[in-house]
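Please read all numbers here as calculations on a predicted model, not as lab measurements. Per chain, numbering begins at 1; letters A, B, ... match sequence-line order.
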Number of protein chains: 2
Amino acid sequence: MIEVARLADVGTMTVSRVLNSSVHVSAETARRVHEAIERLGYRPNEMARGLRGAKSKSIGLIVPSLTDPFFAICAHNVNAVAQSKGYSTIITTSNENPDTEFSEAEWMLQKHVEGLVLCPSVGRNSRFSDKIFQRIPIISFDRPLQGSRFSSVVVDNHVGAKLGTQHLIEHGHKRILFLGDRPDLFTIRTRHQGYRRALLDAGLKTGECLDCDSEDLVFKYVKTALAGKNPPTAFFSGNNRISRYLFRALRNLGVRVPTDIATVGFDDFDMADMMQPPLTVIRQPVEALGKTAAEALFNQFKAKAEDWPAKGSRITLKVELVLRSSCGCTQDAPKVIKP
Amino acid sequence: MIEVARLADVGTMTVSRVLNSSVHVSAETARRVHEAIERLGYRPNEMARGLRGAKSKSIGLIVPSLTDPFFAICAHNVNAVAQSKGYSTIITTSNENPDTEFSEAEWMLQKHVEGLVLCPSVGRNSRFSDKIFQRIPIISFDRPLQGSRFSSVVVDNHVGAKLGTQHLIEHGHKRILFLGDRPDLFTIRTRHQGYRRALLDAGLKTGECLDCDSEDLVFKYVKTALAGKNPPTAFFSGNNRISRYLFRALRNLGVRVPTDIATVGFDDFDMADMMQPPLTVIRQPVEALGKTAAEALFNQFKAKAEDWPAKGSRITLKVELVLRSSCGCTQDAPKVIKP
DNA sequence: CTGAAAGCGCTAACAG
DNA sequence: CTGTTAGCGCTTTCAG
């Protein structure tokens with residue numbers, strides 16, 4: 001920077017001002033500075049900028065995994081927003097481990113990210129109330145964060161699951177089972193409640209939220225359930241991973257869908273429409289989830305820390321039922337039902 | 001830091017030394033420092049550290065998109081390696097736009113990332129030879145980077161495509177068409193060459209690499225090809241996106257696979273085994289691609305800049321043919337063929 | 001409109 | 001083993 005100043009025959013402050021266009025600089029001087037920058041290929045050191053001004057121009061993003069297309073798409077959209085605002089995204093995965101999540105979050109704070117977007121793992125995430133996390137805005141998505149300070153963006157899990165279950169009931173099903181991977185997850189828990197509500201309202205018997213976190217467990221559980229007396233006639237799967245496991249299990253068991261067993265799953269996924277039969281699902285706005293969360297973060301940047309609401313807000317995005325064939329419907333084009 | 005030093009009744013240097021365990025500090029002093037750190041909840045400012053020592057403890061990662069599961073999985077594995085080394089990952093997407101890619105890379109350099117892992121977009125990426133990029137290690141994956149300085153990790157595209165095409169030929173197909181999204185992409189181009197090689201070796205006629213970047217184009221192209229005189233009896237699709245588009249097109253056109261048309265695609269994807277019929281694919285080691293690239297980067301960190309090889313190396317990962325049914329094979333379990 | 005001085009938080013280099 | 005000094009590259013503040 002000193003070299004640029006020397007070459008343009010100005011002070012370093014003038015260079016800084018040209019770079020930040022903070023105060024007006026005479027056109028001629030500005031031109032000389034720009035030329036010098038060009039000639040020297042000078043680029044400001046963001047670390048030094050950050051150190052001085054406490055603005056790192058970066059946000060942190062924590063997701064359980066990028067292997068799951070759901071989170072990958074969310075991450076894509078969070079980054080897209082950050083990019084459009086001239087921010088960089090420091091990303092990391094927690095693998096659903098709250099300890100990893102917490103230490104990664106701390107590490108991001110040390111890097112002075114200006115804000116955090118995360119999909120919190122289940123567990124003691126009350127630690128985010130620590131003093132150090134008071135200084136920056138934090139937005140959670142998909143699952144809310146304990147501690148009311150934080151805003152979150154979620155989808156209408158209860159309504160969606162209820163809608164899907166009701167549809168199964170309309171098809172005449174009376175014994176419907178709910179498959180979830182982790183009953184302690186906010187999303188799964190809320191969807192299970194929606195499922196229960198629908199069944200209860202119809203005067204039917206509800207099932208527990210089955211804890212089948214691996215493909216093997218889904219297989220075993222489904223097999224056991226079907227072999228029992230009074231077997232279910234339909235399954236509701238709690239997320240796209242379980243839906244895929246369920247599809248495999250049913251196929252490998254030689255069960256015909258929807259003739260023998262009908263299914264509805266929460267969360268659409270690529271090629272769900274191309275399965276045999278095409279899968280009926282509750283579609284959630286995955287792109288909007290990431291986008292909205294990031295936008296909420298940048299909105300909070302505008303306000304001063306002392307103006308932050310003591311209670312975080314919650315934004316709930318709408319879902320819809322996409323009728324294909326696994327539920328028992330027969331039609332050429334999928335039909336979309338909004339709650 | 002000064003506060004910690006004061007509380008522990010030592011100098012700031014001692015605090016620094018305890019933090020970095022660089023020089024030996026007496027056990028008693030260290031204990032007092034740790035206690036002070038604990039009491040004050042002190043965390044070092046990584047920006048200041050970086051400014052002083054030029055070590056940002058972060059790497060940059062540029063992928064075309066996180067919407068594509070292929071890149072998402074690569075990104076996941078790059079980050080996993082970085083995390084294990086105590087580094088953070090600054091991620092960004094280029095959307096296959098070389099200008100975005102370049103400006104994002106420059107931006108990362110200003111942030112003083114210590115290295116860069118990227119899947120380069122097609123275009124004038126010779127700009128990475130700029131002086132500013134000389135100072136840090138850069139590894140590309142999936143596609144090599146112009147300019148021999150850079151190392152890259154790729155898969156055996158030629159061998160894989162040849163193997164898949166040969167398999168189709170063994171099934172008796174004589175008119176096989178190649179579907180790619182962007183013929184200028186290294187991967188697509190090389191796979192097309194492998195396809196040609198197989199056909200040429202068998203004395204059969206080869207087709208151009210069709211440039212169908214959208215689902216619509218795949219549909220139109222397939223429809224046109226099938227309606228022509230002397231229609232193809234098989235398709236080879238250049239990547240998982242095209243494979244999915246092709247599957248949809250064939251289904252919507254009412255074409256039976258593999259009876260009317262056989263297919264083989266490059267790159268396996270989730271649920272490819274659950275399609276009707278299950279898809280025969282060339283499987284590439286996606287996880288290893290990201291992992292290997294990141295590891296290569298960290299290896300280069302160990303060497304001094306002047307020891308970097310003038311010519312980058314190229315690591316080629318093996319692929320395999322996974323025989324399911326879309327090629328015309330009939331078997332219960334998929335069969336894996338290594339070249 | 002422009003420049004000089006001071007200092008952000010840390011650590012390399014040198015003393016003690 | 002521990003403290004002092006200086007300075008990384010920038011911007012805020014205060015003078016011209």
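- Judged by the 6.0 Å and 45° rule, A/R127 forms a cation-pi pair with A/F102.
- No donor-acceptor pair under 3.5 Å is formed between the side chain of B/R17 and the backbone N or O of B/V23.
- Between B/D181 and B/R241 there is a salt bridge, since at least one side-chain N of the basic residue sits less than 4.0 Å from a carboxylate O of the acidic one.
- One atom, CZ of B/R32, and another, C1' of D/dG3, lie 14 Å apart when rounded to the nearest Å.
- With rounding to whole Å, A/M47 atom CE is found 14 Å from D/dT11 atom P.
- With hydrogens and angles disregarded, a donor-acceptor distance shorter than 3.5 Å links the side chain of B/T292 to the backbone of B/A288.
- One can place NZ of A/K55 at 14 Å from C1' of C/dC8, the figure rounded to the nearest angstrom.
- Proximity of a side-chain donor or acceptor of B/K111 to a complementary backbone N or O of A/K57 within less than 3.5 Å is detected.
- OP1 or OP2 of D/dT11 lies within a sub-4.0 Å distance of a side-chain N or O belonging to A/N20.
- Without hydrogens or angle criteria, B/S103 side chain to B/D99 main chain gives a donor-acceptor distance under 3.5 Å.
- B/H34 contributes a side-chain N or O that, together with a main-chain N or O of B/A30, makes up a donor-acceptor pair within less than 3.5 Å.
- Taking NZ from B/K85 and CG from B/L297, the interatomic distance works out to 10.0 Å, rounded to the nearest 0.5 Å.
- Between the P atom of D/dC10 and the CG atom of B/N45 lies a distance of 17 Å, rounded to the nearest Å.
- The phosphate of C/dT2 (OP1 or OP2) has no side-chain N or O of A/R17 nearer than 4.0 angstrom.
- Note: CZ (B/R31) to P (D/dT2) measures 13 Å, nearest angstrom.
- Taking the C1' atoms of five terminal pairs at each end of the helix from C/dC1-D/dG16 to C/dG16-D/dC1, the two resulting helix axes are inclined by 40°, rounded to 10°.
- Side chains of A/Q83 and B/T92: a donor-acceptor N/O pair is present below 3.5 angstrom, by distance only.
- Here C/dT11 presents its P atom at 11 Å from CG of B/L51, a figure rounded to the nearest Å.
- Inspection of the A/S65 and A/T93 side chains reveals no N or O donor paired with an N or O acceptor under 3.5 Å.
- Here the C1' atom of nucleotide D/dC10 and the CD1 atom of A/I2 are 10 Å apart, to the nearest Å.
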Test salt bridge (charged side-chain N to carboxylate O under 4.0 Å, His left out) on B/E38 and B/R31 and set out the steps. CA-CA 11 Å; B/E38 205 59 44; B/R31 200 195 47 71; over 6 Å; no

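- Position along DNA chain D of the nearest nucleotide to B/A30 versus A/L19 favours B/A30 as the more 5'-ward residue.
- Of the residues in residues 7-16 of chain A, those with a non-hydrogen atom less than 4.0 angstrom from any atom of DNA chain C are A/V10, A/G11, A/M13, A/T14.
- In this structure, the side chain of B/N95 does not engage the main chain of B/N97 through any donor-acceptor pair within 3.5 Å.
- Proximity note for B/R52 (side chain, C-beta onward) versus D/dT2, C/dC8, D/dG7: the nearest is D/dG7.
- If you take CZ of A/R6 and P of C/dT2, they are 20 Å apart, rounded to a whole angstrom.
- Proximity of residues 35-44 of chain A to DNA chain D (heavy atom under 4.0 angstrom from any strand atom) is restricted to A/Y42, A/P44.
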